[in-house]
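A, B, ... follow the sequence lines: proteins, then strands. Residue 1 opens every chain. Atoms considered below: every heavy atom in the structure, side chains included; atoms not considered: hydrogens, waters and symmetry mates.
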There are 2 protein chains.
Amino acid sequence: MGNVKSGEALDPGLACPIAPVVDIVFSRWTTPILWTLHEYGRQRFVELQRRIASITPKVLTQRLRQLERDGLVVRTYHPEVPPRVEYEISELGRSLAPLFATLAEWSAVNLEKVERSRRAYDDGET
Amino acid sequence: MGNVKSGEALDPGLACPIAPVVDIVFSRWTTPILWTLHEYGRQRFVELQRRIASITPKVLTQRLRQLERDGLVVRTYHPEVPPRVEYEISELGRSLAPLFATLAEWSAVNLEKVERSRRAYDDGET
DNA sequence: CAGGATCCTGTACGATACTG
DNA sequence: CAGTATCGTACAGGATCCTG
């Protein structure tokens, strides 16, 4: 931290050392997918789709591919008829558990404060 | 955790208990802004703009308003000529520090693994 | 079943002015 | 200085249909 020359302008990714990991872990749909995979274990494409009701197959595929590429999810293809594909969290993906726990904890303590702040702000702006 | 009826389909926000807080804390530009505010303390609009070089004033304003509404940032307007506005992290915003630290730690340990996984994946797909 | 292909739309964001 | 206003666009994501 603080290894930045004073007065230097920064790129979005460089202005903040955690930006890269935020892109990886918190890009759209990744948390619901990882969470579902963590909660229900190894499962097939349709199961994921059913559990994350509002996601379309196209987007689910895109995000699963991205997570597979990043090594957070493992895809297993069974060449049968009909084809069967199973997804599960990788070791690396599982290493995010404490992070998610910290997040859940912060949420439990502070989410209500955020909501109150929003209501106060919206009242004042009327 | 696990307080979900079996077989139930879930909304994106409901499929994952941390989804709401992810929207609040990790929506676009919020981490660079919070990080810069945390690193350099209370500062004016232009300073923020200079430090997060690639952000436009319009978007910076939008995101600052959102963060103010959520109670993570405090905006102080000084009715002078020329006008002076200062932004700083709120108490609530500061409470995110351990979370960011956990994230930085995970990044330090695992970012390289993600990059290696990507290279391996891209090699295989050629 | 697990997706690919195609088409379409919303909106988040950038660029470029302009004001109190 | 600290924004707003306006315009234009690129791309994420939805809807629908199709296939190995």
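- At a cut-off of 3.5 Å, with distance as the only test, a side-chain donor of Gln66(B) or Arg63(B) sits close to an acceptor on the other residue.
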Gln62(A)/Lys58(A) under side chain to side chain contact (heavy atoms under 4.5 Å, CB included): CA gap, chis, key distance, verdict: CA-CA 6 Å; Gln62(A) 288 176 347; Lys58(A) 176 184 145 189; 3.6 Å; yes
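- A 6.0 Å sphere centred on CD of Glu115(B) holds more than 12 heavy atoms belonging to other residues, nucleotides or ligands.
- Of all heavy-atom pairs between Ile24(B) and Arg118(A), the closest is CG1-NH2, 3.6 Å.
- Within residues 60-73 of chain A, the residues approached by DNA chain D to less than 4.0 Å at the level of any non-hydrogen atom are Arg63(A), in residue-number order.
- There is no path of hydrophobic side-chain contacts, each under 4.5 Å, that joins Val74(B) to Ile33(B).
- Close approach of DNA chain C to chain B, defined as any atom under 4.0 Å from a non-hydrogen atom of the protein, starts and stops at dC13(C) to dG20(C).
- Residues Leu64(A) and Arg75(A) form no side-chain contact, since every pair of their non-hydrogen atoms from C-beta on lies 4.5 Å or further apart.
- Ring-plane geometry between Tyr87(A) and Phe45(A) is classed as tilted, the angle between the planes lying from 30 to 60 degrees on a 0 to 90 degree scale.
- A heavy atom closer than 4.0 Å to some atom of DNA chain D occurs in Pro83(A), these being the qualifying members of residues 74-89 of chain A.
- Relative to the axis of its first five pairs, the axis of the last five pairs of the helix from dC1(C)-dG20(D) to dG20(C)-dC1(D) sits at 50°, rounded to 10 degrees.
- With sequence neighbours excluded, the residues forming a side-chain contact (heavy atoms from CB on, under 4.5 Å) with Glu86(B) are Arg42(B), Arg44(B), His78(B), Arg84(B), listed by chain and number.
- Gln49(B) has its CD atom 11 Å from the C1' atom of dC1(D), to the nearest Å.
- Gln43(B) and Thr36(B) form no side-chain donor-acceptor contact under 3.5 Å, judged by distance and modelled atom types alone.
- Considering only residues two or more places apart in sequence or on other chains, Phe26(A) meets the ring pair (Phe, Tyr, Trp, His ring centres under 6.0 Å) condition with Phe26(B).
- Taking side-chain N and O atoms only, Arg28(A) has no distance below 4.0 Å to OP1 or OP2 of dA12(D).
- Val25(B) has its side chain out of reach of Leu103(A): every pair of non-hydrogen atoms, C-beta onward, lies at least 4.5 Å apart.
- Of all heavy-atom pairs between Ser117(B) and Asp70(A), the closest is OG-C, 3.4 Å.
- At least one side-chain heavy atom of Val73(B) sits under 4.5 Å from a side-chain heavy atom of Leu34(B).
- Lys58(A) has its NZ atom 6 Å from the C1' atom of dG13(D), to the nearest Å.
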